[in-house]
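Have a look at the structure below, then the notes.
Convention: sequence-line order gives letters A, B, ...; per-chain numbering from 1.
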2 protein chains.
Amino acid sequence: MSDPLRLGIAGLGTVGAGVVKIVRQKAAMLETRSGRRIEVVAVSARNRDKDRGVSLTQYAWEDDPVTLATRDDVDIYIELMGGSDGPAKASVEAALKAGKDVVTANKALLAHHGQALAELAEANGAVLRFEAAVAGGIPCIKALTEGLAGNDITRVMGVMNGTCNYILTRMEATGQGYNALFDEADKLGFLEADPNLDVGGIDAGHKLALLSSIAFGTQVDFDAVELEGIQRVSIDDIRQAADMGYRIKLLGVARMTGRGLEQSMAPCLVPANSALGQLEGGTNMVVIEGDQVGQVVLRGAGAGEGPTASAVMGDVMDIARGLRMTTFGQPAATLEKSVAAQAAVAAPYYLRMGLVDKPGALAKVATALGEAGISINRMRQYDHVNESAPVLIVTHKTTRAALDDALARMSTTGVISDTPVALRIEQV
Amino acid sequence: MSDPLRLGIAGLGTVGAGVVKIVRQKAAMLETRSGRRIEVVAVSARNRDKDRGVSLTQYAWEDDPVTLATRDDVDIYIELMGGSDGPAKASVEAALKAGKDVVTANKALLAHHGQALAELAEANGAVLRFEAAVAGGIPCIKALTEGLAGNDITRVMGVMNGTCNYILTRMEATGQGYNALFDEADKLGFLEADPNLDVGGIDAGHKLALLSSIAFGTQVDFDAVELEGIQRVSIDDIRQAADMGYRIKLLGVARMTGRGLEQSMAPCLVPANSALGQLEGGTNMVVIEGDQVGQVVLRGAGAGEGPTASAVMGDVMDIARGLRMTTFGQPAATLEKSVAAQAAVAAPYYLRMGLVDKPGALAKVATALGEAGISINRMRQYDHVNESAPVLIVTHKTTRAALDDALARMSTTGVISDTPVALRIEQV
């Protein structure tokens, strides 16, 4: 019989407690499947006395996660504290330097320091895995890194922030505006301490940066993700999109273009009858497109104790079975620095703006688009509300650069009453 | 640099040719990702002279796949010939006995001999992988075996025969009957040489037996799969189902019940607005439910050169990376013999039958159901057609055993003009 595989867990929120429960309750099954006994030996959290629904008295307690991470009796350090720096980074680095394998659910840490940490892991013969950091329980990192390893990946897309998808789908279902649903999500405890991580698209952008590194063999480059939150999506946008057969999703899209790597996390219109369009509430979806496999769609719970703990345990089981993968699907030294290309691929756009009540206002907007080389697919103007007339425009395919040119031209016309909303229509 | 990983490929249909193309065209990428050069060294097929769209002259040719499988210069034997016995079985056995790793797309071989072959692989320190055997390009074997290894699996479902799904969705779209669409599928080359493998549910049943072995840690038991084809699904059934908000799919369902392992591959009604209900044409879907992760849905192409070759290459890349998994997710010796439980879980059923034109006929049918302990949710009788009156019944939840009892009682009433169609309504 092999030696047991000993876990040290830092961070005992719902996910940490969930991992402890699985290890304890499924000990026999996990040993049968992996050939090794898996046990928790030590834990760490900020508050020792909190009731976590599971007894921790049998495990050693460490106040300092760095001490936990480097204990002689810890084989895998499981980091579930979160945060891109601070104790999470320090303890993961300490663990890797000590040759410990690391499993983490920390998207911010990897989005900011993934390359350095992957190099550190390899230099010390350790593995660093992060299935739980992206799309909760969906084994999308494994699918992309391993299952689809024979493909040139052409595009990766994802709806990977359940809170945003909850707000957007509830706006459509209830007819309430963004602010009301933001408050509802807050009351339900769906928002991060800093809500901008959710509604500003940052959390989902972290996840996209990790997926695109694997997909395209590039170093994680979160700073190059074009980020736009859902704060400016109005109930009017949702209704207008629905009228045209679309739904609005906070959609991540990564693709390699002739001009570089495009990564965007922004509200987009997707066909209402597509798998992405039909995604409701807190569920996540990852869409992977490869030159051989075509389109693979993965759907599942994006958060919560069970799904996230399931993903952590998937990584733990890999290590228990001796399946030792590189962090981003190939040796860290072979990951290339990408060139960032913002929205290089042409797409149709949805535009909404308010026009002041002046003769010729609409013509000026149309002229601005024309001067930027953008042709109009549909345009609708509605009755004035508070001296501003809502105008909706769907363009034919254009680049983001041309669109920005048009928006700049419009801003000088003096007929636009507020900053236009511009949402890409993503072909899925 | 590691030694190259040398492939011997037997079976050079579209999938085999696809694998050759990937290995040749993506050599640099595969080497970067896996750390090993991957090359084809020898091939085998029935017809040496056929044009396969890819030059094979640089590879050694073997007429006998067993000779190919045991060549000294072959590290992985890739079996793409098909068939549960004959050369496929002989060559896979020979390869494993020689300590060669084996990758196959052969569902029939594994459904019939999976346990023995898994044991043989382990006895010889070889791995035997079969991602391409189930649901084409969808990395569902990997998701279930590895990604979700921390879960007790509660149910696995799948629409895994594209030809059947094509026929059923085309019946609904065109209003044509089964026979017309069978002919259409035949003309399009969608049918196996023995069409019963497709429309009889056998091919999909093979796949289900493999999934349920992994899901429940049991020895593959294809003979215990309750099989029913789509031949008796009529356009009336499809219309009636649609009226009630359902669509009919050839659905595989496996779950462990208190009475044993239930495996069925049969036409079922699923909600039209569910992911399974919305699956169109040749696309496949696998739904995995775990106690931790909840429901994970995987969708993708179920067949074709690219998708199937993608799955083969996923297995090859695992081996190239040194990721050596057991065949069914745990050591073959620990897989238990399952007890077969046919439809032990209660479900509502859809029934269609023809009644002869006699007073009291409908009452006799209702009485038969009542005597079997089955209560009726809805019942409709239509005008007589050719002296037979179509009757549709949706029952409340009942067991298959009770339903069979009711059907037996009905058959003695003398009022049923043909064998009733009985389809389970699966809650998804």
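- Using a 4.5 Å cut-off between heavy atoms, B/Leu298 touches chain A through backbone and side chain atoms alike.
- Chain A forms the most heavy-atom pairs under 4.5 Å with one residue out of B/Val316, B/Asp315, B/Asp291, and that residue is B/Asp291.
- At distances below 3.5 Å, at least one donor-acceptor pair connects side-chain atoms of B/Arg33 with backbone N or O atoms of A/Ala149.
- Listed for the A/Arg321 side chain is no donor-acceptor partner under 3.5 Å among the backbone atoms of B/Thr326.
- Proximity to chain B is limited to the side chain of A/Ile22, based on heavy atoms less than 4.5 angstrom apart.
- With a 4.5 Å cut-off on side-chain heavy atoms, B/Gln292 and A/Glu305 do not count as touching.
- Contact annotation for B/Asp152: both backbone and side-chain heavy atoms come within less than 4.5 Å of a heavy atom of chain A.
- Taking non-hydrogen atoms and a 4.5 Å limit, the residue list of residues 125-137 of chain A in contact with chain B, ordered by number, reads A/Gly137.
- For B/Asn151, the parts sitting under 4.5 Å from any heavy atom of chain A are the backbone and the side chain alike.
- Contact annotation for residues 272-290 of chain B against chain A (heavy-atom separation below 4.5 Å, listed by residue number): B/Ala275, B/Gln278.
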> Stepwise, does the side chain to side chain contact (heavy atoms under 4.5 Å, CB included) test hold for A/Glu146 with B/Lys142?
Replying inline: CA-CA 9 Å; A/Glu146 303 170 27; B/Lys142 182 168 276 287; 2.6 Å; yes

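- The parts of B/Pro307 that come within reach of chain A are both its backbone and its side chain, each placing non-hydrogen atoms under 4.5 angstrom from that chain.
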